[in-house]
Amino acid sequence: MKTLIFSVVEFIAEKEMAQLPCDPDGVCMRCKEKPPSSQTLTCRTCATPWHLSCLPEPPVSDSDTHWECPDCSDLSNPVPVAPSDAILLAVRDIHLDTSLSEQQKAKKAQEVLAGSSHLSKDKNAPDIFDGSFNCSICMQLPDRPVTIPCGHNFCLKCFEKCINQGTRKCANCRTVIPAKMYTQPKINYQLAMAIRLAKAARSGQSSGPPRVHHFVRNQDRPDTAFTTDRAKKTGKANACSGKIFVTVPPDHFGPIPAENDPKRNRGVLVGDMWEDRMECRQWGAHLPHVAGIAGQSSYGAQSVALSGGYVDDEDHGEWFLYTGSGGRDLSGNKRTNKIQSFDQRFENMNEALRQSCRMGYPVRVVRSHKEKRSAYAPEAGVRYDGVYRIEKCWRKDGIQGCKVCRYLFVRCDNEAAPWTSDESGDRPRPLPEIEELIGAIDITERKDDPSWDYDEEKECWLWKKPPPESRKSVDSGDGSTVRVKRKLNIASEREKLLKGFRCGICRKVMQLPITTPCGHNFCKACLEGAFAGQSLMRERSREGGRSLRAQKNVKKCPSCSNDIADFLENPQVNREMLTLIESWGKKPVEENPEESDENDENDDNDESLDDAAEVSKPSDSADNVLEEIKDNDLNQQHKRRKE
DNA sequence: CGGCCCGCATAT
DNA sequence: ATATGCGGGCCG
């Protein structure tokens, strides 16, 4: 690869010495003079004007409109951009197409040669990895991208290498690069971030700073629960969680396997005991340290605690009846309340349990010593008792008079329960007769096959259907958070990406992005609007009427103090950036829409709403925008021809 | 022992 | 940002 880069660069340098066209100002780059238009020829393919007398060989064609410049006519010696034979053949084909006018031919050919063939491809699926965004020098995605005034992007290093070779023109479109740009190139940070995010999105990895879901980073936590200074006076009750030792995500279903237990490499086994809920939490068996149910209403419940908090609970070891949460007045400083004062409903955690019932997910169960009425509860501490399935759920009148949600849990673990002397784990067993089902309301039974079920051949419980995909990241404990989800949350990634494409003036996602030589990005309209009515030169006069010499108007970049007056004379849209914006703005949300994953990105809910509204704009007018770009290109060509 | 009531973790 | 929660040490 390196040799290829070098050969291309060398080739460019070599080529520059021999034959050069006119720059956009009409100045011949070979003799440095500005020939009258009668003394120039414009290439029919790339529409670049050349100084007639500086051409290496006189034109053979009798008509200006059919002349092809040395770069375009010599197929065996490709132009510096080194287009493939396929591209050159495509250009040839365009010219052989009799259905096109000369203007259309030039336009089409220019598109192909400028590497903008993606404009004519499937607009719904522009892909920054298809090569169209590559730096024209190294053919890789731009690293530390530099955007030059003609709107083309290169790696900083490639750009500098080219400059050091003596090239002062865009390797893509031959536009002359202003001195300031090549002496002090500025990185386009917004583009850099966009490319980084796009790469991250493709590899399915989390992007941006590591995400943590704890107030204190897990790796910074001590091995045991601790007490903040402020909470010390009230004791361990106010403890903060210690380190989470296991590497399962918080929404992991089922047993915690050995591979997620780097500390002991044995996983959480049935019968494991902890001193209290905080310690139990650290091993991932049941994460909430007060609540009895771990779950998410639209997703499912992962675990429950039996701690004697609800009088309706009924524990038979291998099966038990569990009561939902809520229905209690927790006003004031209460965290719990034994008094049921209103009806429970299937919402929040109760709905999460019902979802696990419908799907047949395994639910981890821990029993606490606080459950005094159960023979199966431990004498002290908290114990992991394995996974259960919720076979049915319903509502009934609770002992305290209000309606409660009820769940029939039946054990389905491969390990024997702590209270049995059996060596083997559970086998499918008939459901117990539940008397209270008579008179129950809102009865829910599973309709489909359960996700977690017994395999008769393998003689064990296993996932018959793939477990639900985790929607959270896991804190591995070494400072790096790992995204468990394989597929990316396209919607939120796109939103974040588009945030990085905000105009420095209107703060909205850019329309027709323009990159200044100082590396700042604005909507074309915003930038032009900012300097509306200001001419390049300004007449000066004092109150007294004494006129002064005309002075150049200074036009400061809205994001920094750089004078961009010269750049504003002919600002070019950064088309690669535009395509990037459009591809992300347009891309439909590909994943199951009923699971919108909204709660997935709670860490950046600051402006996401207005942004979400704004991003719809570019996609609405995507085609118009593209047309405008093409027209803009044409105008550019006309401008050059006139000169 | 029961009541108090704190910080926290998490869902929404 | 706000609401919820089957903890838990201490005080009386």
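In what follows, every chain begins at residue 1, and chains take the letters A, B, ... in the order their sequences are listed. None of the values given here were measured: they were computed from a predicted structure.
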When you check the phosphate oxygens OP1 and OP2 of [N], does a side-chain N or O of [X] lie under 4.0 Å from one of them?
| X | N | answer |
| --- | --- | --- |
| A/R335 | C/dC6 | no |
| A/R281 | B/dT10 | yes |
| A/N333 | B/dC4 | no |
| A/K472 | B/dA9 | no |
| A/R373 | C/dC6 | no |
| A/S325 | C/dC6 | no |

query: Within 45° of the six-membered ring axis of A/W283 and under 6.0 Å from that ring's centre, is NZ or CZ of A/R264 located there?
result: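 Pair A/R264/A/W283 counts as cation-pi.
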message: If you assign A/M349 and A/E279 each to the DNA chain C nucleotide with the nearest heavy atom, which residue ends up on the more 5' nucleotide?
response: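 Going by which nucleotide is closer to the 5' end, it is A/M349.
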task: Could you tell me whether the side chain of A/Q282 and the main chain of A/D223 form a donor-acceptor pair under 3.5 Å?
output: yes
- request: Ignoring hydrogens and angles, tell me if any N or O in the side chain of A/R411 forms a donor-acceptor pair with the backbone of A/D385 under 3.5 Å.
  value: yes
Starting at [atom1] of [X] and ending at [atom2] of [N], how long is that distance when rounded to a whole Å?
| X | N | atom1 | atom2 | result |
| --- | --- | --- | --- | --- |
| A/L353 | B/dA11 | CG | C1' | 14 Å |
| A/I339 | B/dG3 | CD1 | P | 9 Å |
| A/N350 | C/dT4 | CG | C1' | 12 Å |
| A/Q344 | C/dT4 | CD | C1' | 13 Å |
| A/N337 | B/dC5 | CG | P | 14 Å |
| A/H286 | C/dC6 | NE2 | P | 9 Å |
| A/D385 | C/dC6 | CG | C1' | 15 Å |
| A/L306 | C/dC6 | CG | P | 12 Å |

- request: Any strand is fair game: report the nucleotide pairing with C/dC6 by Watson-Crick or G-U wobble, both distances under 3.5 Å, or none.
  value: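 In the structure as shown, C/dC6 has no Watson-Crick or wobble partner.
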- prompt: Contact class for A/G332 vs. all strands (heavy atom < 4.0 Å): base, sugar-phosphate, or nothing?
  reply: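 Counting heavy atoms under 4.0 Å across all strands, no contact is made by A/G332.
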task: Check every strand shown and say whether A/G292 touches a base, only sugar-phosphate, or nothing at a heavy-atom separation below 4.0 Å.
output: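 Sugar-phosphate, no base atom in range.
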- prompt: Does any donor atom in the side chain of A/W394 or A/E436 lie under 3.5 Å from an acceptor atom in the other side chain?
  reply: yes
query: Is there a donor N/O on one and an acceptor N/O on the other, under 3.5 Å, for the side chain of A/H289 and the base of B/dG7?
result: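 Side chain to base: pair found, below 3.5 Å.
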In terms of side-chain heavy atoms of [X], which of [options] is nearest?
| X | options | answer |
| --- | --- | --- |
| A/R328 | C/dT4, B/dT12, C/dC6 | C/dC6 |
| A/C240 | B/dA9, B/dT10, B/dT12 | B/dA9 |
| A/V290 | C/dG5, B/dT12, C/dG8 | C/dG5 |

task: Flag the pair A/Y388 / A/Y407 as yes when their ring centroid distance falls below 6.0 Å, and as no otherwise.
output: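 Ring-ring flag for A/Y388/A/Y407: false, centres at least 6.0 Å apart.
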- prompt: More 5' along DNA chain B: A/S297 or A/S241, using each one's nearest nucleotide?
  reply: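 Nearer the 5' end of the strand: A/S241.
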task: With the side chain counted from C-beta on, respond yes when A/P255 and A/V387 share a heavy-atom pair under 4.5 Å apart, and no when they do not.
output: yes
